[in-house]
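When a ligand or atom number is given, it counts from 1 through the structure's own listing order.
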Amino acid sequence: MRVLVLGSGAREHALCLALAHDPAVTSLVCAPGNAGTAAVAEQRGVDATDGAAVAALARELDADLVVIGPEAPLVAGVADAVRDAGIAVFGPSAAAARLEGSKAFAKDVMAAAGVPTAAARVCETPDEVAAALDGFGAPYVVKDDGLAAGKGVVVTSDRDEALAHAAACGRVVVEEYLDGPEVSLFCVSDGTSVVPLLPAQDFKRIGDGDTGPNTGGMGAYAPLDWLPDGFVDEVVRTVAEPTIAELARRGTPFTGLLYCGLAVTRRGVRVIEFNARFGDPETQVVLALLDSPITELLLWSARGGAVPAPRWRDAAAVTVVLAASGYPGTPRTGDVLTGAEQAGVIHAGTRRRDDGAIVASGGRVLSMTATGPTLAEARDAAYALAGTVHLDGGQLRRDIAARAVAGDIRLP
Ligand code: AMP
Ligand code: GLY
């Protein structure tokens, strides 16, 4: 099988590693890719948000499957263009990807499907924002309505900061604060049925102890042994299946990966957000534990057929992100990385210079992923690997999975 992976992040590197491992895959191309994907896949340049260009590349490669990694091409309709060219594609249509592309749309779908989520108000003016903030009370949650690479959300007890963020965004969603630990559950769908993967936990803030601004994610681990029994089944039944059914009912079925960002609150599970693609960095840990061929899941989503049952290794995985100086603001690029070419080092914002050096080219530069028989051992191994990778000014959280290892995660 010939597979084209679209994107250039750590998620795409992790997908390429899993695909390269799958005996069914005879040819693997990543476009545009990064310095890490270049080691496992042929690289091709393409504008990932240009549907016609991606479809033309897929045709030229005679691809059997196109896997769309990031949200921007999905929201731009690249999956539609590839599907219209008669090629199987993993990833939803533009219409279904609005679940990620517009927070207001996602709220509307959840309301129609009866999916539990934070109460929210869509606001267009400063007066509406002020009224919504005062209605819900502190802590305040203000979200840019559109795509913002995980950085459009401000959670603060400072009313002026909440107002200022709303003013900078335009249309925003103001919502009720959800207490309780967060869980990311990836659900693969063929438009009708749902196959959950392993729950993982992401760390959104830049600083240790969940301090500082939100990022795209600074680390992750799986599995989550502190979750109540039946958690995955409950989320499939109360969140994923009703959402998939609602989109099918609207004539815009969702195929690909429905990423359920959840909070386990005092009053039960609530959806924080949906994404329309694999999450980053959770993908690194989830795929590190997958013990059955990834193509079974991706092809089923793209083409339908018998519902697959993924198998999982009886192990744990931890990934730690190394971000560039300045991230999540303007990252400093061009610094040379050392130690980046090792097993377990998964690349995101990296580029190989003409002289052969690997340099940082984005905010989240790479992530160090390791597995182990226990979470504690996986964590030690991930941090040991991180100790061998260097980037001047690099930012690394020191507490990824620490509370889970200490048995210190409390459900409210
Ligand atoms: P989102 O982009 O919607 O996932 O939001 C980014 C991060 O902001 C989430 O992972 C949470 O840590 C936090 N967040 C978002 N919405 C809420 C909420 N209603 N209550 C508490 N924290 C939230
Ligand atoms: N880990 C957060 C995201 O992928 O959006």
Checklist line | Over-ring placement of Arg121 relative to Phe136, 6.0 Å and 45° cut-offs | finding: yes

Note to self: I need the atoms of ligand 2 closer than 4.0 Å to a non-hydrogen atom of Tyr259, numbered in the order shown.
What the structure shows: 1 (N), 2 (C), 3 (C), 4 (O)

Check: So, is the end of the Arg98 side chain (NZ or CZ) under 6.0 Å from the ring centre of Phe105 and within 45° of the ring's axis?
Finding: yes

Next item on the list: Kindly check if the number of other-residue, nucleotide or ligand heavy atoms within 6.0 Å of CZ (Arg266) is above 12?
Entry: no

Next item on the list: Would you please indicate if the ring centroids of Phe254 and Phe274 are separated by under 6.0 Å?
Entry: no

Checklist line | Ligand-residue contact atoms, ligand 1 with Val141, heavy atoms, under 4.0 Å | finding: 16 (N), 17 (C), 18 (C), 19 (N), 20 (N)

Next item on the list: Report yes if Tyr177 has an N/O atom closer than 3.5 Å to an N/O atom of ligand 1; otherwise report no.
Entry: no

Margin query: So for Arg205, does at least one of its heavy atoms come nearer than 4.0 angstrom to any atom of ligand 1?
Written below: no

Check: Out of Asn275, Leu178, Asn214, Val271, whose heavy atom is nearest to atom 20 (N) of ligand 1?
Finding: Leu178

Notebook entry, point to check: Do other residues, nucleotides or ligands put more than 12 heavy atoms under 6.0 Å from the CG atom of Asp291?
Noted result: yes

Note to self: If I apply the N/O under 3.5 Å rule, does Val155 come out as touching ligand 1?
What the structure shows: no

Check: Short list, please: which atoms of ligand 2 are under 4.0 Å from a heavy atom of Asp202?
Finding: 1 (N), 2 (C)

Notebook entry, point to check: With a cut-off of 4.0 Å, which atoms of ligand 1 are near a heavy atom of Lys103?
Noted result: 1 (P), 2 (O), 3 (O)

Notebook entry, point to check: Should the pair Glu341-Arg352 be classified as a salt bridge under the 4.0 Å nitrogen-to-oxygen rule?
Noted result: yes

Note to self: I'd like to know whether ligand 2 has Phe278 as a neighbour, heavy-atom separation below 4.0 Å.
What the structure shows: no

Check: With atoms numbered from 1 as shown, which atoms in ligand 1 lie under 4.0 angstrom from a non-hydrogen atom of Glu182?
Finding: 9 (C), 10 (O), 11 (C), 12 (O)

Donor-acceptor pairs under 3.5 Å, side chain of residues 216-223 to any protein atom, not counting sequence neighbours: which ones?
{"from": "Tyr221", "atom 1": "OH", "to": "Gln201", "atom 2": "OE1", "distance (Å)": "2.6"}
{"from": "Tyr221", "atom 1": "OH", "to": "Trp226", "atom 2": "NE1", "distance (Å)": "3.0"}

Margin query: Only heavy atoms of Lys143, strictly under 4.0 Å: list the atoms of ligand 1 that pass.
Written below: 3 (O), 15 (C), 16 (N)

Checklist line | Per-atom contacts, ligand 2 versus Arg277 - under 4.0 Å to a heavy atom | finding: 3 (C), 4 (O), 5 (O)

Notebook entry, point to check: Checking side chain to side chain contact (heavy atoms under 4.5 Å, CB included) for the pair Leu198/Leu289: CA distance, chi angles, key distance, verdict?
Noted result: CA-CA 9 Å; Leu198 281 188; Leu289 298 174; 3.7 Å; yes

Next item on the list: Please check if atom CG in Asp408 has more than 12 non-hydrogen atoms from other residues, nucleotides or ligands closer than 6.0 Å.
Entry: yes

Checklist line | Among Val154, Val153, Asp144, closest by any non-hydrogen atom to atom 6 (C) of ligand 1 | finding: Val153

Next item on the list: Please identify which atoms of ligand 2 are closer than 4.0 Å to at least one heavy atom of Lys204.
Entry: 2 (C)

Next item on the list: Output yes when the distance from some N or O of ligand 2 to some N or O of Glu273 is under 3.5 Å, and no in every other case.
Entry: no

Notebook entry, point to check: Would you call Asp134 and Arg159 a salt bridge, taking side-chain N to carboxylate O under 4.0 Å as the test?
Noted result: yes

Notebook entry, point to check: If you measure from each heavy atom of Gly279 to ligand 2, is any distance below 4.0 Å?
Noted result: yes

Next item on the list: Tell me, please, whether Tyr259 has Arg277 positioned over its six-membered ring: NZ or CZ under 6.0 Å from the ring centre and within 45 degrees of its axis?
Entry: yes

Next item on the list: Would you please determine whether Arg270 falls within less than 4.0 Å of ligand 1 on a heavy-atom basis?
Entry: no

